[in-house]
Amino acid sequence: MTVVHSGSHARRTAAEEPHDGPRRRVGPLAALDGRLPGAHDLLLMQCPSSLRPLAGGELPDWARAVLRAHPWVTVGRAPSVVGSPVDLPHPQRCTRDPEAAPELWFPVTVRGPRPGQRLDALAPWSAVARTLRPEQLAERRERLDAERVAGIPALALLPEVGRVVADHRLSWGPIGAVGYELGTGVPVAGPLSPLRLVLRAPHPISRRDALQLRRALSKLPVPVQAELETRYGAVQLAEYAASPHTLTLLTPYGPREVRDPWFPRGPFV
């Protein structure tokens, strides 16, 4: 990873950086923190105009305005694309080292200013300046205004949620509107917003433990929607705890009906 430190920029501290951290030079394919983005990660785009709408054409005006003010996008649950997709607009809008490895494009969503307004696009990895995982977001609540937190139950209850999940030894993080607001500082959550969570479950958990966790979360005075993230995709905690014969596993290649989300059968392509 190459980081630019020149002139006055070298003297800036993390606190002075508007988006909390150094930015990466647009260039060869590289990983941040040794990993590639996954579903629900937030990406800070160094060159937002390089996004390519999945539907084709140019970025709509509202998306350009949003990205100019807050160049954050959310990674979706879909396959990444290597190279330069032929069915998407050309040319690429950012300067890039022509000798770099083939570009890696991630499925992302741009959140619009109106409720439910979204744009699905592909984002080039070389234009990503920073990533934030859901697990990094809860601690950022202290950066928000205290009155704002008090007025949004889904934000106010984050510490209590952390204590409940900690009893089950699962890594977790907020996603959805609450996660986006914690990561970007943009006030998108509302007083009635549910608290959506991702619970990292690389290894199987018993349905008894899942039921206990679901019951504990349901006692909180805010709707909680949690999903268990396995190595193959995500399944809703409530559905898994209910012990149905089959479950809907959300994978990068679409939903699949499975019996065991940790050991699903069949290829994932």
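- To the nearest 0.5 angstrom, Arg114 atom CZ is 11.5 Å from Arg118 atom CZ.
- Note: Arg169 CZ to Asp209 CG = 10.0 Å, rounded to the nearest 0.5 Å.
- Just one of Val186, Leu132, Val66 meets the side chain to side chain contact (heavy atoms under 4.5 Å, CB included) condition when paired with Trp72; it is Leu132.
- Side-chain contact of Thr248 with Gln236: a donor-acceptor pair under 3.5 Å is absent, judged by distance alone.
- Side-chain contact between Val110 and Leu51 is present, with heavy atoms from C-beta onward closer than 4.5 Å.
- Side-chain contact, Asp41 with Thr131: no donor N or O sits under 3.5 Å from an acceptor N or O.
- Nearest approach of Val258 to Pro264, heavy atoms of both residues: CG1-CB, 3.8 Å.
- Residues Leu155 and Leu144 form a side-chain contact, since some pair of their non-hydrogen atoms from C-beta on lies under 4.5 Å apart.
- Here the CZ-CD1 distance, from Arg133 to Ile175, works out to 12.5 Å after rounding to the nearest 0.5 Å.
- Counting non-hydrogen atoms of neighbouring residues, nucleotides and ligands closer than 6.0 angstrom, the CD atom of Glu257 exceeds 12 such neighbours.
- Tyr253 places a side-chain heavy atom less than 4.5 Å from the side chain of Pro79.
- Side-chain contact between Pro221 and Leu157: present, with at least one pair of heavy atoms (C-beta onward) separated by less than 4.5 Å.
- Note that the NE2 atom of His40 and the CG atom of Leu137 stand 11.5 Å from one another [nearest 0.5 Å].
- Between Pro191 and Ile152 there is a side-chain heavy-atom pair separated by less than 4.5 Å.
- Under a 4.0 Å N-O distance rule, the pair Arg143/Glu181 does not qualify as a salt bridge.
- By the neighbour-count criterion of 12 heavy atoms within 6.0 Å, atom CG of Asp145 is densely surrounded, having more than that number from other residues, nucleotides or ligands.
- Pairing each heavy atom of Tyr232 with each of Pro261, the nearest pair is CD1-O, 4.0 Å.
- Nearest heavy-atom pair, Leu59 versus Ser49, reported as atom, atom and distance to 0.1 Å: CD1-CA, 4.3 Å.
- The distance from atom CD of Glu160 to atom CG of Leu217, rounded to the nearest 0.5 Å, is 9.5 Å.
- The nearest pair of heavy atoms linking Pro194 to Val178 is O-CG2, 4.0 Å.
- Scanning all heavy atoms of the two residues, the minimum distance from Arg148 to Ala189 falls at NH2-O, 2.6 Å.
- Shown here is Arg207, whose CZ atom has more than 12 heavy atoms of other residues, nucleotides or ligands within 6.0 Å.
- Among all heavy-atom pairs drawn from Gly183 and Leu42, the shortest one is CA-CD1, 3.8 Å.
- Between atom CZ of residue Phe263 and atom CZ of residue Arg231 there is a gap of 6.0 Å, rounded to the nearest 0.5 Å.
- Looking only at distances, no side-chain donor or acceptor of Arg77 sits under 3.5 Å from a matching main-chain atom of Gly233.
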